[in-house]
Engineer: 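One structure coming up, written as structure tokens, with questions to follow.
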Amino acid sequence: MNQMNQMNQMNQIDRLFRAGRSLGARAVVGLVWLLGLCTLYASESMAMDIAILRSSDIPAYHEAVAGLKAAGPIGAIYTEYDVQGDLELGKKLARKLRASNTSLVVAVGLKAALAAKVEIVDVPIVYMMILDPLKHQLTAANMTGTLLEVPVDRQLKFMRAFLPTLHRLGTLYDPAKTSSRVKDAVQQATISGFQLKALPVESEKEVPQQLRMLLQDVEALWLMPDSTVLTNESLRFILDSALARKIPVIGYSPEFVRLGALLSISVNYGQVGRETGLLATRILDKELLLPLNPVPIERLKTTVNLKTAKFLGMPIPKELMSFIDETY
């Protein structure tokens, strides 16, 4: 009888234990669900709103914005605004953003950046896809961005690697537009073992005469961003004239290489967007504090025209092929 009572007591204890374990499990599940719900609400409330203010609707900007979204803050909510090339519309949109809950504004292109600078003073602004932003005075306590152009010293290092036996470089420039860049390039060239001869042109009409003089005294022609020197009409003439003398041309756009230049060192628009996204993330995470100088793009794009290299009798060394991103 005592044995039966003991067995009954054991069974009751086992049932109580199982019931308690079931209740405990349900309590744990409920707690996890509640914590998950709280986390969901917290993440939604903490989601960062990023406004993209775009100067116009062009493929290059779309490529950069896609890169931005791919590398930007995780979970960010992006809203895009198109300035449509109208600075006044840009200012109006910027005022709208100033009154919103936007955590950060990405200005794509010059007009968007100028509008944001004028109207937004208390929200971080990160710009991209702008040539020479400091020339346009894109400096403010709440503003920074990425550089579209490749720093001169990095261009020269690439050129030295691909042109190991050449020393005399030439370039054309408009003193009213690019004198400071050329002055810096002349100084930097000596560090990389080059001598840079720069001839000025004050109008597109002067390009042919100055180019003929320059090609008589240089081993390679370096094209810099200058709207006076380089137009749709002059570019073809420059490339044909240089190739006729078997002088390699180095540019800053893959399009130049497609048309016959030997080499270009440039930035990829998608990469500009990705590195801008990383910069925005570091600013929002307080890893970087504004104000901040514009940041150069780390990953560059190297394009080579192999047909031109063969024509010039300048084969590309095998050890450099791994550094080439695109060939023609």
Engineer: Is there a side-chain contact between V108 and L68, using heavy atoms and a 4.5 Å cut-off?
Structural biologist: no

Engineer: Do L169 and L156 come within less than 4.5 Å of each other through their side chains, counting heavy atoms only?
Structural biologist: yes

Engineer: Treating Ile, Leu, Val, Met, Phe, Trp and Tyr as nodes and any side-chain heavy-atom pair under 4.5 angstrom as an edge, say whether L300 and V295 lie in one connected cluster.
Structural biologist: yes

Engineer: Tell me whether R258 contacts the main-chain N or O of S253 through its side chain, where contact means a donor paired with an acceptor under 3.5 Å.
Structural biologist: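 No; judged by distance alone, with no hydrogens or angles, the pair does not exist.
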
Engineer: Looking at every heavy atom in both K117 and M143, which two are closest together, and how far apart are they?
Structural biologist: CB-CE, 3.6 Å

Engineer: Which is it for R160 and H167 under the side chain to side chain contact (heavy atoms under 4.5 Å, CB included) test, yes or no, and what are the steps along the way?
Structural biologist: CA-CA 9 Å; R160 172 48 67 212; H167 298 282; 3.7 Å; yes

Engineer: Does atom OH of Y269 have more than 12 heavy-atom neighbours from other groups under 6.0 Å away?
Structural biologist: no

Engineer: Working to the nearest 0.5 Å, report the span between OG1 of T302 and CZ of F158.
Structural biologist: 4.0 Å

Engineer: Is a donor on one side and an acceptor on the other found under 3.5 Å between the side chain of D226 and the backbone of D174?
Structural biologist: yes

Engineer: Check whether any side-chain N or O of S264 sits under 3.5 Å from a backbone N or O of G251 as a donor-acceptor pair, and report yes or no.
Structural biologist: no

Engineer: So does D240 have more than 12 non-hydrogen atoms from other groups sitting under 6.0 Å from CG?
Structural biologist: yes

Engineer: Looking at every heavy atom in both V201 and T228, which two are closest together, and how far apart are they?
Structural biologist: O-CG2, 4.2 Å

Engineer: Run the side chain to side chain contact (heavy atoms under 4.5 Å, CB included) check on Y328 and K307 step by step: do they pass?
Structural biologist: CA-CA 7 Å; Y328 287 97; K307 295 178 182 178; over 6 Å; no

Engineer: Below 4.0 angstrom, N of the basic side chain to O of the carboxylate: do R299 and D325 qualify?
Structural biologist: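 Yes, R299 and D325 are salt-bridged.
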
Engineer: Do V121 and V105 share a hydrophobic cluster, counting only Ile, Leu, Val, Met, Phe, Trp and Tyr and linking them when any side-chain heavy atoms are less than 4.5 Å apart?
Structural biologist: no

Engineer: For D285, I'd like to know if atom CG has over 12 heavy atoms of other residues, nucleotides or ligands within 6.0 Å.
Structural biologist: yes

Engineer: Decide whether L243 and L211 are clustered together by the hydrophobic rule: side chain heavy atoms of Ile, Leu, Val, Met, Phe, Trp, Tyr closer than 4.5 Å, transitively.
Structural biologist: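 Looking at the clustering, L211 is in a separate group from L243.
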
Engineer: What are the two closest non-hydrogen atoms of V304 and V257, and how far apart are they?
Structural biologist: C-CG1, 3.5 Å

Engineer: Side chains of T146 and E275: any donor to acceptor distance under 3.5 Å?
Structural biologist: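 Side chains of E275 and T146: no pair found under 3.5 Å.
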
Engineer: For L215 versus I247, what's the shortest heavy-atom pair and its separation?
Structural biologist: O-CD1, 3.4 Å

Engineer: So, taking the atom named CG in N268 and the one named CD1 in I297, what distance separates them when rounded to the nearest 0.5 Å?
Structural biologist: 10.0 Å

Engineer: Got a second to check how far L114's CG is from L138's CG, nearest 0.5 Å?
Structural biologist: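 Here the rounded value is 5.5 Å.
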
Engineer: In the structure I gave you, are the side-chain heavy atoms of R181 and Y173 within less than 4.5 Å of one another anywhere?
Structural biologist: no

Engineer: L214, Y252: one ILVMFWY side-chain cluster at the under-4.5 Å cut-off?
Structural biologist: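 Yes.
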
Engineer: Is there side-chain contact between T178 and M224, with at least one heavy-atom pair below 4.5 Å?
Structural biologist: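 The answer is no, as the side chains (C-beta and beyond) never meet within the 4.5 Å cut-off.
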
Engineer: In the structure I gave you, are the side-chain heavy atoms of S100 and D49 within less than 4.5 Å of one another anywhere?
Structural biologist: no

Engineer: Determine whether R212 and S241 make a side-chain contact, defined as any pair of heavy atoms from C-beta on separated by less than 4.5 Å.
Structural biologist: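 In short, these two side chains do not touch, never coming nearer than 4.5 Å.
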
Engineer: Could you see if V150 belongs to whatever hydrophobic cluster contains L134? Use Ile, Leu, Val, Met, Phe, Trp, Tyr and a side-chain cutoff under 4.5 Å.
Structural biologist: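 Hydrophobic grouping puts V150 apart from L134.
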
Engineer: Between CG of L284 and NZ of K286, what distance do you get to the nearest 0.5 Å?
Structural biologist: 7.5 Å

Engineer: Check the surroundings of atom CD in Q137: do more than 12 heavy atoms from other residues, nucleotides or ligands lie under 6.0 Å from it?
Structural biologist: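 For Q137, atom CD is not crowded (no more than 12 foreign heavy atoms under 6.0 Å).
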
Engineer: Are there over 12 heavy-atom neighbours, none belonging to F311, within less than 6.0 Å of that residue's CZ?
Structural biologist: yes

Engineer: Keeping S56 on the side-chain end and I58 on the backbone end, is there a donor-acceptor pair under 3.5 Å?
Structural biologist: no

Engineer: Could you pull out the closest heavy-atom pair between I130 and L148, with the gap in Å?
Structural biologist: O-CB, 3.5 Å

Engineer: Please lay out, stage by stage, how I250 and F256 fare under the test side chain to side chain contact (heavy atoms under 4.5 Å, CB included).
Structural biologist: CA-CA 8 Å; I250 302 94; F256 296 171; over 6 Å; no

Engineer: Would you check if L235 and L223 make a side-chain contact, meaning some heavy-atom pair closer than 4.5 Å?
Structural biologist: yes

Engineer: Do the side chain of K111 and the main chain of G85 share a donor and acceptor less than 3.5 angstrom apart?
Structural biologist: yes

Engineer: Is atom CD of E202 surrounded by more than 12 heavy atoms (other residues, nucleotides or ligands) closer than 6.0 Å?
Structural biologist: no

Engineer: Search all heavy atoms of A220 against all heavy atoms of L163 and return the closest pair with its distance.
Structural biologist: CB-CD1, 4.3 Å

Engineer: Verify side chain to side chain contact (heavy atoms under 4.5 Å, CB included) between T276 and V126, making sure each step is shown before the conclusion.
Structural biologist: CA-CA 8 Å; T276 304; V126 177; 3.5 Å; yes

Engineer: I need the L292 CG to I283 CD1 distance, nearest 0.5 Å.
Structural biologist: 6.5 Å

Engineer: Treating E149 as the side-chain partner and L131 as the backbone partner, does any N or O pair qualify as donor plus acceptor under 3.5 Å?
Structural biologist: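 Checked: no pair found.
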
Engineer: Measuring only between side-chain heavy atoms, which start at C-beta, is I265 closer than 4.5 Å to M159?
Structural biologist: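 Result yes, sub-4.5 Å side-chain heavy-atom pair found.
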
Engineer: Distance check, rounded to the nearest 0.5 Å: T102 atom OG1 versus I125 atom CD1?
Structural biologist: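 Result: 11.0 Å between the selected atoms.
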
Engineer: Using modelled atom types and a 3.5 Å cut-off, is there a donor and acceptor pairing between side-chain atoms of T303 and backbone atoms of P254?
Structural biologist: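 A pair under 3.5 Å: no.
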
Engineer: With the threshold set at 4.0 Å, does a side-chain nitrogen-carboxylate oxygen contact exist between E119 and K91?
Structural biologist: no

Engineer: For the side chain of R236 and the backbone of L259, is there at least one donor-acceptor N/O pair under 3.5 Å apart?
Structural biologist: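 Looks like yes, one N/O pair under 3.5 Å.
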
